[in-house]
2 protein chains.
Amino acid sequence: MTGAVDEISETLETEIVEGILPPGTRLEEPALAERFGVSRTPVREALQRLSASGLVELKRRRGTQVLNPSIGRIVEMFEVMAELEAVCARLCARRASPELLATLRDWLKRCEQAAESGDPSAYYDANRSFHLAIYKGSGNSFLAEQAELLHLRLTPFRRQQLRLPRRMRQSLTEHSAVVAAIEAGDGQAAETAQRDHILIQGERFGDFLAQFSARS
Amino acid sequence: MTGAVDEISETLETEIVEGILPPGTRLEEPALAERFGVSRTPVREALQRLSASGLVELKRRRGTQVLNPSIGRIVEMFEVMAELEAVCARLCARRASPELLATLRDWLKRCEQAAESGDPSAYYDANRSFHLAIYKGSGNSFLAEQAELLHLRLTPFRRQQLRLPRRMRQSLTEHSAVVAAIEAGDGQAAETAQRDHILIQGERFGDFLAQFSARS
DNA sequence: ACTTGCCTTTGTGTATACACAACAGAAAAT
DNA sequence: ATTTTCTGTTGTGTATACACAAAGGCAAGT
């Protein structure tokens, strides 16, 4: 057997990130134990691990629930994401190896194709790969891991907004600017372009949520 | 009772950070359970939590040990720390509220005092407070938390180097430059000064470890 | 003397059982 | 009728017990 904890935590992670378990959902150990056909022990460890990734919140004696950050908190997280991505982009520009450039251009093209066919899901995937490539392209694996982790944590709050086709095209334009700056080896430009690209997402998120009443 | 897990994880965290449990130390559950007078269950949860903070490493079926990153990995971590601190400094400069400036100047003075009396331990504490003030001063609490966490993770690898009094004085000079830039509201200068300040630590660490043979 | 296979021991992974805190609902008192 | 307290229920925190994998040592065979 390959470890029940791994399976449980990965399954829950996916469901949280995909919105199947929305923010604020209570995660009760007995229920999860029965669902996965195991005892509470591995469930508890899986929840601890998710708490580590920042996806759930463990309150003392009050159970576990899917993290439900305030709007302000989410905006803060997007700001940090923007800075991390900006650093990655700057480091990418410093290296700008032919392989890296080829990879970026490839994902950029896939983004274009998805945008043209108006497929938000395909665009979402290509967009994600594009960003991951920039993380890895920084040449700093620790930085890449941190960026990837925060990207994951923000996924539940970002998925919605790419539905709008207008946003898809604008995002594409921004990507092009980033790649152009990296190609030119202009670290400053790449940094600024990437930071703005992410910050816009944060603002969009604020606009998006402003439509709804505050959630508990 | 205030939760055994909290006490165990905090105690172990302190001991790891202070070097009482050096990198690579094996942490065996039965031994820890006996030491803290509890069963293995809370010990396991404490280890999970430490793994979350990135202080220990959990290998499947092969136990837990204090994280023992390669030199290259540590340098990468210092690079990310440098970038996070640089962002904090830039945001500090953007705000530059009188209270913040007063706080920074206060800690700077305490650093000076510690340096003059040649007390590395006092300098270490004042230095830490100075940096924490910059994190908080960014106005982004999520950023501050992330920076604090990484600061903690790097502590086991940083404590040694401030013993050298020459490094203490140089560090002080760098702090002054950062504060001056923040006072002037010059975000770019603050960012650069703080980044260099941390990067030097990373380089120093490389030099430091180069003296020894490679650790397992 | 060296290698190989078995066995013991050690330590982790999971299940089960019990203790206790927190919440909810009902009953009693004002 | 409202408030308060008591109690039952639910769910978390910890302990104990068992299952199993992995590492190390010992013995036997070459």
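Proteins come first, then strands; the chains are lettered A, B, ... in the order of their sequence lines, and each starts at number 1.
- Atom P of nucleotide dG13(C) and atom NZ of K59(B) are separated by 13 Å, given to the nearest angstrom.
- In this structure, the CD atom of E29(B) is 9 Å from the C1' atom of dG13(C), given to the nearest Å.
- Minimum heavy-atom separation, V66(B) to P23(B): CG1-CA, 3.7 Å.
- Between R35(B) and the choices E29(B), E15(B), E7(B), the salt bridge (charged side-chain N to carboxylate O under 4.0 Å, His left out) rule is met once, by E15(B).
- Taking every heavy atom of both residues into account, R158(A) and H151(A) meet most closely at NH2-O, 2.6 Å.
- With sequence neighbours excluded, the residues satisfying ring-ring contact (aromatic ring centres under 6.0 Å, His included) with H197(A) are H131(A), H175(A).
- Ionic pairing of E174(B) and R167(B) is present here: one or more N-O contacts between side-chain nitrogen and carboxylate oxygen are shorter than 4.0 angstrom.
- The nearest whole Å value for the distance from the CD atom in Q65(B) to the P atom in dA23(D) is 13 Å.
- Residues of residues 38-51 of chain A having a heavy atom closer than 4.0 Å to DNA chain D, listed by number: R40(A), R44(A).
- The nucleotide whose nearest atom lies closest to any side-chain atom of A4(A) is, among dT12(D), dT12(C), dT14(C), dT14(C).
- The distance from atom CZ of R60(B) to atom P of dT14(C) is 7 Å, rounded to the nearest whole Å.
- Spacing between atom CD of E28(A) and atom P of dA22(C) amounts to 17 Å, rounded to whole angstrom units.
- The shortest distance between the side-chain N/O atoms of R62(B) and the OP1/OP2 oxygens of dA21(D) is not below 4.0 Å.
- Residue Y124(A) comes nearest to T155(A) through the heavy atom pair OH-CG2, 3.0 Å, listed as atom of the first residue, atom of the second, then distance.
- Taking atom CG of L32(B) as the reference point, atom P of dA15(D) lies 14 Å away to the nearest angstrom.
- Between I8(B) atom CD1 and dG13(D) atom P there is a gap of 13 Å when expressed in whole angstrom units.
- Taking atom CG of residue L27(B) and atom C1' of nucleotide dG11(C), one finds them 13 Å apart after rounding to whole Å.
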